[in-house]
Amino acid sequence: MTTTPASTPTTATVTRAEYCVIACAEAWRDNGEVLASPMGLIPSFGARLAKRTFSPDLLLTDGEALLVGLDGTAEGWLPYRRHLTMVTGGRRHVMMGASQIDRFGNQNISCIGDWERPARQLLGVRGAPVNTLNNPVSYWIPKHSTRVFVERVDMVSGVGYDRAEAAGVTRFHHLPRVVSDLGVFDFGGPCHAMRLVSVHPGVTVGEVRAATGFELTVAEEVPYTREPTPDELRLIREVIDPAGLRDREVRG
């Protein structure tokens with residue numbers, strides 16, 4: 001397999017973390033007026049970048065009860081009942097994390113090991129089933145490894161394509177993309193299997209395969225994740241994350 005550059009690099013100093021911000025932002029491209037619910041630092045930067053550039057109609061929240069503007073200023077009240085209305089109506093696109101994820105997008109954030117006696121207790125199922133069955137859900141994985149990308153998750157929290165189809169609940173089920181510190185993935189493989197869409201510059205297809213615990217669908221040519229425009233790079237560095245917190249989560 002070969003990789004092909006998406007475009008001429010904007011600058012030689014673009015970091016891996018900045019490619020991840022760009023890749024996360026792209027998850028909300030053309031979403032229109034929906035509630036963007038990023039969970040995690042890099043996804044939050046991505047959502048804010050998307051709203052400042054190519055997806056101005058996105059609605060951002062403080063994570064609790066308010067709609068907020070680009071600078072965090074409250075713009076409106078979002079009580080829980082209205083939030084749930086948006087969820088069940090599909091007017092929300094979440095980017096969640098995953099302690100484990102498999103080839104069909106089943107996600108685990110609950111426990112590691114056997115259900116009767118798990119080796120580690122995690123967050124719990126929380127709202128993952130409702131999220132995945134009612135509105136688009138993407139995933140952010142800051143450390144791509146075989147411990148996270150597994151053949152079979154220890155417990156299903158977020159519902160993948162195979163289980164949604166088996167249960168006949170596919171009407172509103174949609175997993176647009178997975179972003180990791182190595183590349184970008186969708187579920188365009190056979191039977192909605194995970195497929196490698198792009199690798200971040202400096203990463204090879206072989207490295208992605210070696211860090212994935214299942215057989216990954218890969219095209220003959222895999223492009224690099226697109227470069228940030230000069231304005232996007234300026235926004236990331238000077239406006240959205242001037243403290244450089246992104247490089248603490250994803251090191252180059």
Side-chain angles (χ1 to χ4, degrees), residues 1 3 5-6 14-29 37-47 49-50 93-109 112 122-123 128 131-132 136-154 157-158 160-161 174-189 192-219 222-228 236 241 245-252:
M1 304 298 175
T3 54
V14 178
T15 68
R16 179 76 59 81
E18 288 162 346
Y19 284 112
C20 291
V21 172
I22 289 293
C24 287
E26 285 289 341
W28 284 285
R29 183 180 285 276
S37 296
M39 300 180 184
L41 193 66
I42 296 292
S44 295
F45 294 158
L49 179 65
H93 184 170
V94 186
M95 181 168 280
M96 300 175 63
S99 300
Q100 293 178 327
I101 190 168
D102 68 21
R103 75 179 71 215
F104 297 112
N106 295 291
Q107 169 245 32
N108 175 24
I109 52 172
I112 301 298
L122 304 175
L123 290 174
N131 288 343
T132 48
V137 175
S138 293
Y139 291 107
W140 159 242
I141 314 293
K143 294 183 179 180
H144 192 130
S145 74
T146 54
R147 295 177 62 182
V148 180
F149 288 76
V150 296
E151 183 66 40
R152 183 181 178 87
V153 297
D154 292 339
S157 302
Y161 278 99
H174 181 43
L175 308 178
R177 68 169 45 194
V178 177
V179 180
S180 80
D181 60 333
L182 298 184
V184 181
F185 311 81
D186 67 10
F187 292 92
H192 291 293
M194 192 181 296
R195 177 179 65 176
L196 179 61
V197 174
S198 72
V199 292
H200 305 320
V203 178
T204 67
V205 172
E207 288 173 328
V208 177
R209 278 182 155 157
T212 303
F214 53 82
E215 186 176 349
L216 191 62
T217 300
V218 179
V222 178
Y224 290 121
T225 302
R226 79 164 177 87
E227 299 289 331
I236 293 171
D241 182 31
L245 298 177
R246 60 194 179 277
D247 293 316
R248 298 182 185 180
E249 186 167 16
V250 177
R251 300 186 183 278

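Basis for what follows: all heavy atoms, side chains included, without hydrogens, waters or symmetry-related copies.
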**OP:** Kindly say whether Ser99 contributes a backbone atom to a donor-acceptor pair with the side chain of Asn108 at under 3.5 angstrom?
**Re:** no
Original post:
Please walk me through it: do Leu182 and Ile141 pass side-chain contact (heavy atoms from CB on, under 4.5 Å)?
Top reply: CA-CA 9 Å; Leu182 298 184; Ile141 314 293; over 6 Å; no
Subject >> Under 3.5 Å donor-acceptor, Gln107 side chain and Gly97 backbone >> reply: yes
Subject >> Gap between atom CG of Leu196 and atom CE of Met194 - 0.5 Å precision >> reply: 10.5 Å
Original post:
Backbone N or O of Ile109 within a donor-acceptor pair of the Ser157 side chain at under 3.5 Å?
Top reply: yes
Original post:
What's the spacing between Ile101 CD1 and Ser180 OG if we round to 0.5 Å?
Top reply: 10.5 Å
**OP:** Taking all heavy atoms of Thr15 and all of Asp247, pick out the closest pair and write down the distance.
**Re:** OG1-OD1, 3.4 Å
**OP:** State, with a plain yes or no, whether a side-chain heavy atom of Pro201 is found less than 4.5 Å away from one of Glu227.
**Re:** yes
Subject >> Nearest heavy atoms of Ser138 and His93, plus distance in Å >> reply: OG-NE2, 2.9 Å
Original post:
Can you find a heavy atom in the side chain of Arg209 that is under 4.5 Å from one in the side chain of Phe214?
Top reply: no
Original post:
Would you say the side chain of Thr132 lies within less than 4.5 Å of the side chain of Val94, judging by non-hydrogen atoms?
Top reply: no
Original post:
Hey, are Arg177 and Glu26 close enough for a salt bridge, meaning a charged N less than 4.0 Å from a carboxylate O?
Top reply: no
Subject >> Whether Arg16 side chain and Val250 backbone form a donor-acceptor pair below 3.5 Å >> reply: no
Subject >> Residue pair Cys24 / Trp140: nearest heavy atoms and the distance that separates them >> reply: SG-CE3, 4.0 Å
**OP:** Might you confirm whether atom CD of Glu207 has over 12 heavy atoms from other residues, nucleotides or ligands at distances under 6.0 Å?
**Re:** yes
**OP:** Before giving the answer on side-chain contact (heavy atoms from CB on, under 4.5 Å), spell out for Arg246 and Cys20 the whole-Å C-alpha distance, their side-chain angles and the decisive distance to 0.1 Å.
**Re:** CA-CA 9 Å; Arg246 60 194 179 277; Cys20 291; over 6 Å; no
Original post:
Can you list every pair that meets salt bridge (charged side-chain N to carboxylate O under 4.0 Å, His left out) and has a residue in residues 139-151, with sequence neighbours left out?
Top reply: Arg103-Glu151
**OP:** Work out which heavy atom in Gly158 is nearest to a heavy atom in Ala128; give both atom names and the distance.
**Re:** N-CB, 3.6 Å
Original post:
Can you tell me how far the OG1 atom of Thr225 sits from the CD1 atom of Ile22, to the nearest 0.5 Å?
Top reply: 10.0 Å
Subject >> Identified side-chain contact (heavy atoms from CB on, under 4.5 Å) partner of Val222 from the options Thr204, Val205, Val197, Val208 >> reply: Val205
Original post:
Going through the checks in order, is the side-chain contact (heavy atoms from CB on, under 4.5 Å) test met by Arg152 and Asp102?
Top reply: CA-CA 6 Å; Arg152 183 181 178 87; Asp102 68 21; 5.6 Å; no
Subject >> Heavy-atom donor-acceptor pair, Tyr161 side chain to Leu175 backbone, under 3.5 Å >> reply: yes
Original post:
Could you state the interatomic distance from OG (Ser37) to CE (Met96), rounded to the nearest 0.5 Å?
Top reply: 10.5 Å
Subject >> 4.5 Å side-chain heavy-atom contact, Tyr19 and Pro228 >> reply: yes
Subject >> Main-chain N/O of Pro142 paired with Glu249 side-chain donor or acceptor, under 3.5 Å >> reply: no
Original post:
Which pair of heavy atoms, one from Ala211 and one from His144, lies closest together, and at what distance?
Top reply: O-CD2, 3.2 Å
Original post:
Quick one: does Phe149's side chain get under 4.5 Å of Gln100's, heavy atoms only?
Top reply: no
**OP:** Working to the nearest 0.5 Å, report the span between CD of Glu18 and CZ of Phe45.
**Re:** 11.0 Å
**OP:** Provide the closest heavy-atom pair for Asn106 versus Gly160 in the form atom of the first, atom of the second, distance.
**Re:** OD1-N, 2.7 Å
